[in-house]
Structure formats: structure tokens, C-alpha cells
Amino acid sequence: MTSQPERQAHILYDKAGEPTTDRPWIIRTYAGHSSARASNELYRDNLSRGQTGLSIAFDLPTQCGYDSDDPIARPEVGKVGVPINSLDDFEILFDQIPVEEMNTSMTINGTAMWLLALYVALARERGVDVAELKGTTQNDLIKEYLARGTYIYPPEASLRIIAEMYEFTLSEVPSWNASNICSYHLQEAGATPVQELSFALANAISLLDLLKERGNIGQADFERSVGRISFFVNSGIRFVEEMCKMRAMTEMWEEITRDRFGVQDPRYRRCRYGVQVNSLGLTEVQPENNAWRILIEALGVTLSRDARARAVQLPAWNEALSLPRPWDQQWSLRLQQILAYETDLLEYPDLFEGSVVVRSKVDALKAEAYAEIDKIMGMGGVIGAIENGYMKSALVKSMSERMSRINAGEQLVVGLNRWTDGIESPLLSGDDGGLFTVTDESAQESLDNLERTRATRDEAKAQASLEALKAAARSGESMMEPSIECALARVTTGEWANALREVFGEYRPATGVDGQKLGLEGDRVQSLRDRIETLSEQLGHRPRIVVGKPGLDGHSNGAEVIAVSARHVGFDVVYSGIRLSAQEIVRSAVEESADIIGASVLSGSHVALARQIMEGLEAEGAKDDIAVVFGGIIPQGDFAKLTDLGVEKIFTPADYDLMDIMESFVTILEARAQS
């Protein structure tokens, strides 16, 4: 037998002195599309290929609390995730999948209580002990107000919903993470590492403060609640900084839970986090480069053993172009498997322990993040910092600065603003052009299922369960059990959300655009301002743009940067935030005497929404008076469809130069003024 000193020095040892290795993280792919049936087939296929957990993407109507047949929902059904209207859809979604054996992550926020209720109801109907269920509902409404936009209710009501889910799962589903503090979307909205750390941790602090204040659980159960908090973070291309960020986060969470909340059990102070690596930096141009970006970003959350992700899901190389196809998802899955099982990464202790450089960077990040947390808590916590617009404004500022650096060439993006000449990618060849598309037939399948549910349910039972839900919401009693009863009664997603809309109302936060400016000046900017002054004389007023986010797509970063850019060069700008119907955008443009509508759509619903906008302008008699341009993730194959509808210019992520875009707006209006 070989003596211990002769063994390989890099192997880890357990307490008995036996060699061991670190366990791989949970390997997931974020998936869901078209219909419950199609998504079920995808999940079962991915599980058969070695995936070890489910990460469910829901479509925008489900996320925002609308039934698939709601007029504002119709263009979005099945586009960015799976549509779920009732428990009947959940039965299809999890057909032949044993929920008691799964670790299921649901990326859901405004309707998180409803989706958890559906999952519990499904288990009960199957005869599964709900205590066996394992997984996570993202359920972070704070980041929705700041970055992603699928909020429904005001902050106070939203935090109450989260707290009630914690209290329910603590006793009924003890292995469930009732919420997942999600800084991922903050970085997608431009957050710096310090902002990602501070905003996420301030969010968690405010939630724990609320659980304490409610007084429904004792200290021992409170500590267990702390142990159920998990984080979902982003890992960008600066992977050394990202790795240091995660080391800082794990240390800060240990310190906050120990010193602020008095958590004694070290198990409950452990920072547990999952990750999806950065999508903001993925490019439409030379998309094959994205594969290497994804690999490098994955290293930032796997190399450091002391701050290694607990679960990882990776975007696909073509995410800047469309939803990934099954092959694209398989490619991302294989990257994780090679990293976890072929390399020796998991055999070593932490590689960075004792590094002076890493220690210095971690300490600097912590100091700045703690200072920012103190500022937020001084505003009354995250609710105060949301309601006064501070956090949203800070993110818009960071994103505007990022885009200014890229436009000025100070921040290099390979293939986008440097080394732009490249051989055409063979990955984009083939009948589908490397893109995933959702068919009208799949949306119809969801509509048919919804109609069948309404026709076959016990209507009196459904209405009674909705009244019980509203009564609980008004009285302050927990809404979890009434929500489960609604699920069992085949209440629909829109009906559940509308019941709580009656009680809590809907929320529209500050856009964060006011007061922001670009860091771009110089001859080109001045020349553009001079053209706008001349155009103003021709029009008899300063050119006015309505920047619109039609439909349910809440990704507002692009729209916000365009609004800031247009104001920077001299446009009057009208921007009212996200989730507006096409009719509301048209009405705003007509009432404000706008010259141009700039619509931003990233959900794949651009053709349907363009048709609605153009039909609305025609109905108002303004089709010839107001120009329309579209921006977003729009495949080349759809350009002709948009131009045939009357859209004058189309922008995609490849159009990163903000002055190019502004010059295009002015050129369109100059031509109209002279005609």
C-alpha cells in the first residue's frame, strides 16, 4: 500500500485521510419553448444526455401573469419559454419526469407563488410527498424592477409574497429555495461588479429584515431560512475580476449572516450560488466567437474551489441571434461536461489561496460594495432605493458608460469594433440558418389546451378558490394554500394574477433615463447636433422620438441607451418604460406629435408587433406622418417582412455604433421633411 506522502500531492483528502475529489456542480441548460408538450420532449432528451437538473424558461405571458389568449400576450406565446396556463399544462410539461427526483429551477418572478403552487399541486395529485420536492423559484422581484421587467405588483406586496413563500416552504417543502437573489440580470443591465455585489446583498438583507419583522418564525427556523437563500449570478469576460467578485461575495455573505443576523450554524452562512455566464457580451457578428467567450466566463465561476458555483447553465453560441436549437444547447452542455469530467479541475484545493493579487482585489471589491450597501440601507433598504429611482438610475448610467466606451473604442469587442473582417460562419449555414423559430401551430396548441381547461373544469370551484385567494391577500393571511387550491381547481395564470391585481394594483417604476448622458463628444456629435438644429427649423419643432417597448418583453437596456443617446444629440425623447401595448405606443406618438417611433423587441415577436403598430398608425391617420424603426434580435430573414409592413430601418445587435443609429434617424426625418 502506498504511503500518504507518496500519493499525488494535488488529491484532496476526507477526514479519514482517504483521497476524494470535489463534486461537480449541477449541470443545467436553460430551456423551454413553443408548448408544454415540445418542452417536455426537450427536457427528457436533455436528461437522457447527462443533464442533472431542470432549468425551466417560461414565456413572457406566464412570467407577467397573462393567459395565452390575452390580446397583449398573443404575439409572445411560446417565444422565449414554455407557456403555462394551468395545472393541465404542468401535467404535460412533467409527463414521465419524476418530480420527486428532480432538482428543478424555475426562472419565474412576478408569478413565482403561482408556479410553486402548480408544482405542489402536481405533486399532490401524483401522490408525491411534497417534502421530497427540491429546487428553486427565482422569485426576485427587486431585480425585475431594475433590469428584467417582469414585475406585476408594487415592491411591498411583492416582498410579502416572497416572505410567505419562505414561511410555507420552511415547513412544507424544506429542500426548496423559495427565492434566488438574482444579480445576473443586473450585470446584463450594465452593473459593475461592485453594483452586482451590493445590490444583490442589499436585496437579501432587506428580505431577511422582513422575515424578522413579520415574526412568524423563531430564531432556529430563521437560520434555516437564511440557509435556503441562494444567489444567481453573472460571470463576465473579465474572468479574474469575476472570480474575485465571487470570492468577495462568499466572504461578505458569511460576515453579513453572522454579524447582522446572528446565524450560528456555519452551514446556513454558506453562500450558495448558481450561475449563467454573461449574455450581454455575446455578439451577433462573428457569433462563433461567442463559444470562446462562454468558456472563459465559465472559468470565472469554476476555477476557485472556495467560491465555485453550485449550479451552472450556459447560454448558447447563437443567443444573440435567436433562441438556441437542441444542438446548440447540447454544445453548451458538452462544454460543462468536459470541464467537470475530463479536466483535473475538481481534484485540487483552492488554486488562489494565498495570492496577494487576488486578496487585494477581493478586499477592494468588498470595501466598495459595503459602502454602497450602507448607502442603500440608509435610503430605507431596497424598497426605498427603488421607489426613489436611485438603483435604476445607477444601472442606466453604468450601461450608458459601457456603450460609450465601446463606441469610442476604449473597450474592445472582437469582431464588433475591432478585427471586424472575418470569414462567414459555417455555423449559420443549413436550412434553418442556425436559428430557432417558433411556429404558429405551437402557439395554437397552448390556446387549445387553455380552452379545454376552461371548458372541463368545475367553474364554481374555480371562482370560489379565486375569492378565497383575494380574501387572504386582503386580510394578510398566507396566500400559498389558497394559491394551491386555485391550481387544483384549474384556475388559469391570468386569473390568479388578476385576482391579486385587484388587491395590490400594478406597478410602474422609474425608467432611470432622466438626467443621464453619454460620454461621447467631438466633431461627429457636434455635426449631428447641427443637422438636428437645421431639421428643427424645417419641422417647426425639435424632432421628437417615442422610444417604445411593445408587448411583454422587459429587456429595456437597449431602449434606455437609445433614449439617452437621442436626447444627447438633441432629440426630444418620450420614453414611458416597458410593457406597453402597440396601441398605447401609437397613441403616445400621436398625442405627443412625434416624428418617429423607435420600437425595441428582443423576444422574437417583432413581426406581429410591427403589424400592430402600423395598423394602429393607419387607424389614427398618422401612417404617413410618423416614421417607424425597429431594433432588437431580428433575423435577416425577417427584414423583408418588416419593410413590407412599412418599417423604414432595422437595427440589430451588430449595430452597436450609437452615432450611426442617431444619424440614421436624422436621415430618415430629413428625407421626409424634404418630400
Review point. Is there a side-chain contact (heavy atoms from CB on, under 4.5 Å) between Glu353 and Arg247 once you walk through the steps?
Key: CA-CA 11 Å; Glu353 186 65 37; Arg247 292 175 74 91; 3.9 Å; yes

Can a donor-acceptor pair be found between the side chains of [X] and [Y] at a distance below 3.5 Å?
X	Y	answer
Glu196	Ser183	yes
Asp553	Ser603	no
Gln329	Ser332	no
Asn109	Asp140	no
Glu485	Ser465	no
Asn278	Gln187	yes
Ser230	Asn180	yes
Trp114	Thr493	yes
Thr257	Tyr268	no
Ser304	Asp350	yes
Asn234	Gln276	no

So do the side chains of [X] and [Y] get within less than 4.5 Å of each other, counting heavy atoms only?
X	Y	value
Leu208	Ile205	no
Val99	Leu133	yes
Phe504	Arg160	yes
Asn216	Glu167	yes
Lys245	Val362	no
Arg214	Glu164	yes
Lys392	Tyr145	no
Glu502	Lys470	yes

Are [X] and [Y] within salt-bridge range, i.e. N to O under 4.0 Å?
X	Y	result
Asp209	Arg260	yes
Lys79	Asp59	no
Glu144	Arg579	no
Arg124	Glu481	yes
Asp363	Arg359	yes
Lys366	Glu255	yes

Under the 3.5 angstrom rule, does the side chain of [X] hit a backbone N or O of [Y] as a donor-acceptor pair?
X	Y	answer
Ser48	Asp45	yes
Arg308	Thr302	yes
Tyr273	Thr250	no
Glu172	Thr169	no
Gln264	Gly262	yes
Thr137	Leu115	no
Thr136	Gln138	no
Arg508	Ile578	yes
Glu125	Leu488	no
Arg474	Val503	no

Kindly indicate, with the supporting measurements, whether the criterion side-chain contact (heavy atoms from CB on, under 4.5 Å) is fulfilled by Val82 and Thr62. CA-CA 8 Å; Val82 57; Thr62 305; over 6 Å; no

Please report the shortest heavy-atom distance between [X] and [Y], naming the atom on each side.
X	Y	result
Glu319	Pro315	OE1-CB, 3.1 Å
Met391	Leu146	CB-CD2, 3.5 Å
Thr107	Ser55	OG1-OG, 4.5 Å
Ala309	Val275	CB-CG1, 3.8 Å
Ala472	Ser478	CB-O, 3.7 Å
Leu335	Leu314	CD2-CD1, 3.6 Å

Qualifying residue, where the test is side-chain contact (heavy atoms from CB on, under 4.5 Å) with Phe94 and the options are Ile56, Asn40, Leu118: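 By the side-chain contact (heavy atoms from CB on, under 4.5 Å) criterion, Phe94 pairs with just one of Ile56, Asn40, Leu118: Ile56.
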
- Query: Is it the case that Arg148 places NZ or CZ above or below the six-membered ring of Tyr184, under 6.0 angstrom from the centre and within 45 degrees of the axis?
  - Reply: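 Geometry flag: not set, cation outside 6.0 Å or 45°.
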
task = Check whether NZ of the Lys or CZ of the Arg Arg501 lies under 6.0 Å from the centre of the six-membered ring of Tyr66 and within 45 degrees of that ring's axis.
result =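 Positive - Arg501 is close enough to the ring of Tyr66 and near enough to its axis.
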
Margin query: Between Tyr119 and Trp176, is the ring centroid distance below 6.0 Å?
Written below: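 Ring centroids of Tyr119 and Trp176 are less than 6.0 Å from each other.
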
At what distance, to the nearest 0.5 angstrom, does [atom1] of [X] lie from [atom2] of [Y]?
X	Y	atom1	atom2	answer
Asn85	Trp496	CG	CH2	14.5 Å
Cys244	Phe352	SG	CZ	8.0 Å
Glu242	Ser235	CD	OG	5.0 Å
Leu211	Ile229	CG	CD1	7.0 Å
Ile383	Glu156	CD1	CD	6.0 Å
Ile152	Tyr507	CD1	OH	15.0 Å

Atom CD of Glu506: over 12 foreign heavy atoms under 6.0 Å:
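For Glu506, atom CD is crowded (more than 12 foreign heavy atoms under 6.0 Å).
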
- Task: Please indicate whether Arg272 has more than 12 foreign heavy atoms, meaning atoms of other residues, nucleotides or ligands, lying under 6.0 Å from its CZ.
- Result: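 Yes, CZ of Arg272 has more than 12 neighbouring heavy atoms, counting only those of other groups under 6.0 Å.
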
task = For the pair Gln63 and Leu552, evaluate side-chain contact (heavy atoms from CB on, under 4.5 Å) and give the outcome as yes or no after the intermediate values.
result = CA-CA 9 Å; Gln63 293 183 51; Leu552 300 179; over 6 Å; no

query: Is there a side-chain contact (heavy atoms from CB on, under 4.5 Å) between Ile294 and Leu282 once you walk through the steps?
result: CA-CA 8 Å; Ile294 292 166; Leu282 303 184; 4.1 Å; yes

